[in-house]
Amino acid sequence: MTTMTQTSARFREFKMPDVGEGLTEAEILKWFVQPGDTVTDGQVVCEVETAKAAVELPIPFDGVVHELRFAEGTTVDVGEVIITVDVAPGSEDAPAPAAATPAQEPVEAAPAEEPKGRTPVLVGYGVAESSTKRRPRKGAAPEAAAVAAAVQAELNGHGSAAPVVDAPPAGRPLAKPPVRKLAKDLGIDLATVVPTGKDGTITREDVHAAAAPAAAPAAVAPEAAEPVAVSVPETPATVGSARETRIPVKGVRKAIAQAMVGSAFTAPHVTEFVTVDVTRTMKLVAELKEDKEMAGVRVNPLLIIAKALLVAIKRNPEVNAAWDEANQEIVQKHYVNLGIAAATPRGLIVPNIKDAHDKTLPQLAAALGELVATARDGKTSPAAMAGGTVTITNVGVFGVDTGTPILNPGESAILAVGAIKLQPWVHKGKVKPRQVTTLALSFDHRLVDGELGSKVLADVAAILEQPKRLITWA
């Protein structure tokens with residue numbers, strides 16, 4: 001189901017839906033339509049990014065786009081109207097279409113009477129209806145806007161301020177909800193921010209300017225003008241000479257930060273290491289690439305490592321579990337959803353292969369290839385990242401030996417694979433050049449004792465050293 005309201009028999013509104021897992025906001029990445037465009041039921045009108053994934057939103061009715069309420073790059077709360085559609089084009093008394101602008105707060109249409117409660121959305125249910133009404137927007141005087149623009153220009157290093165007149169009226173600063181949230185996240189009091197937006201509105205750039213650590217001289221009004229007391233940030237920015245850049249934490253980066261902090265300070269981590277000769281595994285990879293049964297799928301060392309971990313879990317099933325804090329229980333999983341940490345332009349994500357334990361080697365290879373391709377295209381869905389049990393992170397692709405990986409929240413173990421390098425190694429009593437790598441296994445010590453963790457890591461290493469164990473131990 002989708003989120004929509006009906007403002008009249010002619011105009012219908014489409015709200016930002018909850019696209020999954022109780023998310024509360026999303027950023028509009030791209031609009032695919034503009035005011036005046038004709039849309040049909042099911043047509044994708046925009047792409048949004050949540051803390052989980054990028055998602056395309058379809059419109060649930062036919063008509064002509066009347067207004068886009070938010071510009072691209074704006075973070076919008078779930079339940080906010082993002083687009084209005086004229087479902088009866090050609091009727092009289094229609095207001096002119098309007099495109100969204102970042103400096104203009106959306107105009108709210110008077111909604112028809114609706115039953116109270118939570119609104120059904122694309123996935124699950126949205127936020128509850130609020131009984132709080134938005135305060136009517138008051139336009140600031142032109143003189144006040146001139147004062148704000150002049151002072152901000154001086155703070156940004158664009159020359160001296162223009163003559164100032166009367167100070168803007170006191171009251172709650174004017175800013176859109178995403179800007180208020182940004183100010184809260186950065187610890188900025190909006191009352192101290194000089195607005196440069198239309199009608200005295202505080203913009204995102206104003207908040208970043210107030211948060212910047214660089215200092216600039218205070219604006220001085222010309223002698224001909226009456227001095228006015230204007231609120232100036234203590235640490236205004238100087239454009240062009242700033243030595244730091246502040247980047248808002250949102251989307252995938254925000255989700256990663258929350259997940260890693262939650263995991264690191266909830267699950268007691270233990271990490272063990274082992275260095276192993278994987279020369280025979282590399283030979284097996286080369287042979288599989290020539291095998292007709294593996295035609296059409298990508299064969300690489302990660303495939304064999306993934307299969308080795310699955311066999312190790314089969315031999316030590318207690319490692320595949322989760323900690324239920326609420327019920328004080330250990331939940332044993334009789335399936336393996338194998339997570340693969342993937343670095344994407346949007347940040348680190350961990351999609352997983354469902355029921356990886358049941359897949360043959362060709363099936364596992366195909367699933368790995370599809371997972372990686374989807375992640376690189378930025379099309380990984382929230383469902384693909386939910387329900388993981390154990391994870392592999394291949395840090396070796398960056399040329400490093402290994403690391404101490406942090407558990408994906410809700411999982412029991414994560415295996416880090418280092419770079420495979422040609423190194424001197426004692427083989428059959430002689431020092432020979434061999435393909436060697438280092439593995440690191442981090443596990444939740446509430447679930448996994450040292451003995452169990454050591455057995456799992458030793459089994460993975462033994463399989464990579466002698467890949468025939470994939471047959472004898474399977």
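Nearest heavy atom pair, residue A440 against residue G403, reads CB-O, 3.2 Å. Heavy-atom minimum distance, I353 versus A367: CG2-CB, 3.8 Å. Closest approach of D355 to N337, counting heavy atoms only: N-OD1, 2.9 Å. The two residues L364 and A356 come nearest to each other via the heavy atoms CD1-CB, 4.4 Å. The two residues I202 and P195 make their nearest non-hydrogen contact at CG1-CB, 3.7 Å. Across all non-hydrogen atoms, the minimal contact from L68 to Q34 is CD1-OE1, 3.8 Å.
One finds the CG atom of L303 at 5.5 Å from the CE atom of M294 (value rounded to the nearest 0.5 Å). Here Q435 contributes atom CD and W425 contributes atom CH2; the two are 12.5 Å apart, rounded to the nearest 0.5 Å. Between the CD1 atom in I406 and the NE2 atom in H269 there is a gap of 5.5 Å [rounded to 0.5 Å]. Between the CD atom in E80 and the CE atom in M16 there is a gap of 9.0 Å [rounded to 0.5 Å]. Taken from CG in L439 to CG in L309, the straight-line distance is 10.0 Å, to the nearest 0.5 Å.
Looking only at distances, no side-chain donor or acceptor of S442 sits under 3.5 Å from a matching main-chain atom of I414. Panel note: side chain H66, backbone T84; no donor-acceptor pair is recorded below 3.5 Å. A donor-acceptor pair is defined here as one N or O able to donate and one able to accept, closer than 3.5 Å; no such pair exists between the side chain of N408 and the backbone of V390. Using a distance-only test at 3.5 Å, with no hydrogens or angles considered, a donor-acceptor pair links the side chain of T281 to the main chain of L464. A donor-acceptor pair under 3.5 Å links the side-chain atoms of D206 to the main chain of T196, judged by distance alone.
For K421, the NZ atom counts as densely surrounded, since its 6.0 Å shell holds more than 12 non-hydrogen atoms of other residues, nucleotides or ligands. Under a cut-off of 6.0 angstrom, the local environment of CZ in R446 is crowded, with over 12 non-hydrogen atoms contributed by other residues, nucleotides or ligands. The 12-atom threshold is exceeded at CD of Q423, counting heavy atoms of other residues, nucleotides or ligands nearer than 6.0 Å. A 6.0 Å sphere centred on NZ of K333 holds more than 12 heavy atoms belonging to other residues, nucleotides or ligands. Under a cut-off of 6.0 angstrom, the local environment of CD in Q328 is crowded, with over 12 non-hydrogen atoms contributed by other residues, nucleotides or ligands.
Among I340, V460, V350, L368, the one residue that satisfies the side-chain contact (heavy atoms from CB on, under 4.5 Å) test with I392 is I340. With V299 as the fixed residue, the side-chain contact (heavy atoms from CB on, under 4.5 Å) test singles out one of V285, L284, I304: V285.
Side-chain contact between Q43 and D37 is absent, with no heavy-atom pair separated by less than 4.5 Å. Residues V45 and V85 are not in side-chain contact: their nearest non-hydrogen atoms beyond the backbone lie 4.5 Å or more apart. For the pair C46/I82, a side-chain contact is recorded, criterion being any heavy-atom separation below 4.5 Å from C-beta on. In this structure the side chain of I83 reaches within 4.5 angstrom of the side chain of V33, judged on heavy atoms. Side-chain contact between K354 and K359 is absent, with no heavy-atom pair separated by less than 4.5 Å. Looking at heavy atoms from C-beta onward, S454 lies in side-chain contact with E272 at the 4.5 angstrom threshold. T437 has its side chain out of reach of T275: every pair of non-hydrogen atoms, C-beta onward, lies at least 4.5 Å apart. Counting heavy atoms from C-beta on, the side chains of L310 and K314 never come closer than 4.5 Å.
No side-chain donor-acceptor contact under 3.5 Å links D401 and T438. Side-chain polar atoms of T374 and T380 form no donor-acceptor pair below 3.5 angstrom.
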task = Starting from the C-alpha separation in whole Å, work towards a yes-or-no answer on side chain to side chain contact (heavy atoms under 4.5 Å, CB included) for K455 and V319.
result = CA-CA 10 Å; K455 286 181 176 179; V319 75; over 6 Å; no

key: F61/D41 under side chain to side chain contact (heavy atoms under 4.5 Å, CB included): CA gap, chis, key distance, verdict   = CA-CA 4 Å; F61 37 77; D41 187 356; 5.6 Å; no

task = Carefully, step by step, assess F14 and L57 under the rule side chain to side chain contact (heavy atoms under 4.5 Å, CB included).
result = CA-CA 10 Å; F14 179 57; L57 299 183; 4.3 Å; yes

query = Going through the distances and angles, do Y335 and D358 end up as a side chain to side chain contact (heavy atoms under 4.5 Å, CB included)?
reply = CA-CA 8 Å; Y335 59 90; D358 282 339; over 6 Å; no

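A salt bridge is absent between K283 and E287: the closest approach of a Lys/Arg side-chain nitrogen to an acidic carboxylate oxygen does not fall below 4.0 angstrom. A salt bridge between E47 and K379 is present, with a side-chain N of the basic residue lying under 4.0 Å from a carboxylate O of the acidic one. Using a 4.0 Å cut-off between a side-chain N of Lys or Arg and a carboxylate O of Asp or Glu, D459 and R469 do not qualify as a salt bridge.
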